[in-house]
Amino acid sequence: MIKSIKTTGKTAGLALILAMASVAAPIPASAQDMELRIGPDGVRPVIRDRDRDRDRRGQPRMRGCSEREARAAARDAGLRDPEVVRVTPGRVVVEGFTRRGPSRITFANERGCPEI
């Protein structure tokens, strides 16, 4: 009978220690910094860097429609010899030629160059 009391006391003490350790030391999850990409070369882990989109002063870099991307999007839309004629914070204007003659396309100055 004395042996069973000692065993119960040890088990209860161990359970108490485990419960206190799990409450006292929470571990932050870092799964948001890693993703798994599945592609033709199989599954590969990609570790994201939160600071890569910031410059030295800590401000996010402006990423919009570059002139090269605007010319490529204009070519895809059917313009020949596209030329960027105006860039503003809100839009990028590209001129070129179609079968009917001179033409102009306006893109939003955002990532991906959506056509306005």
Side-chain angles (χ1 to χ4, degrees):
M1 194 187 271
I2 295 176
K3 241 183 184 181
S4 64
I5 294 174
K6 286 182 181 179
T7 308
T8 307
K10 287 180 181 178
T11 306
L14 182 60
L16 181 63
I17 290 171
L18 287 174
M20 289 177 64
S22 65
V23 172
I27 299 171
S30 63
Q32 295 175 352
D33 296 332
M34 189 183 89
E35 65 183 55
L36 294 174
R37 289 196 183 162
I38 301 171
D41 56 344
V43 179
R44 61 185 176 96
V46 177
I47 299 173
R48 291 184 274 174
D49 185 12
R50 293 181 185 173
D51 298 329
R52 89 175 161 210
D53 292 336
R54 299 191 178 274
D55 64 8
R56 290 184 211 150
R57 291 179 229 106
Q59 299 295 323
R61 278 190 259 157
M62 296 304 293
R63 290 193 177 186
C65 181
S66 71
E67 291 186 18
R68 190 181 91 202
E69 290 174 321
R71 283 194 304 269
R75 272 189 222 101
D76 291 344
L79 244 58
R80 286 177 292 160
D81 300 325
E83 182 179 338
V84 177
V85 292
R86 183 176 177 133
V87 178
T88 65
R91 62 190 181 137
V92 178
V93 181
V94 180
E95 290 182 350
F97 296 94
T98 62
R99 293 179 183 175
R100 297 181 184 183
S103 184
R104 176 183 289 185
I105 297 178
T106 305
F107 298 102
N109 197 354
E110 298 177 358
R111 178 183 271 181
C113 300
E115 189 174 347
I116 297 178

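Note that the numbering runs from 1 along the sequence shown for the chain. Just so we're clear, the structure is a prediction, and the values are computed from it rather than from any experiment.
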- [ ] Please report the closest heavy-atom contact between Cys65 and Ala108, naming both atoms and the distance.
- [x]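 The answer is CB-O, 3.6 Å.
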**Prompt:** So which heavy atom on Cys113 is nearest to which on Phe107, and how close?
**Reply:**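 Minimum heavy-atom separation between Cys113 and Phe107: O-CD2, 3.3 Å.
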**Message:** Is the shortest side-chain heavy-atom distance between Glu67 and Val92 below 4.5 Å?
**Reply:**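 Not in contact.
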query = So do the side chains of Thr98 and Leu79 get within less than 4.5 Å of each other, counting heavy atoms only?
reply =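 Of all side-chain heavy-atom pairs linking Leu79 with Thr98, at least one is under 4.5 Å.
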Interatomic distance, [X] atom [atom1] to [Y] atom [atom2] [nearest 0.5 angstrom]:
X	Y	atom1	atom2	result
Arg71	Ile105	CZ	CD1	14.0 Å
Arg91	Arg86	CZ	CZ	5.5 Å
Arg44	Arg37	CZ	CZ	6.0 Å

Exercise for review: Could you check Val94 against Val85 for side-chain contact (heavy atoms from CB on, under 4.5 Å), going step by step and ending with a plain yes or no?
Suggested key: CA-CA 6 Å; Val94 180; Val85 292; over 6 Å; no
*So does Arg75 have more than 12 non-hydrogen atoms from other groups sitting under 6.0 Å from CZ?*
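Correct, the count exceeds 12.
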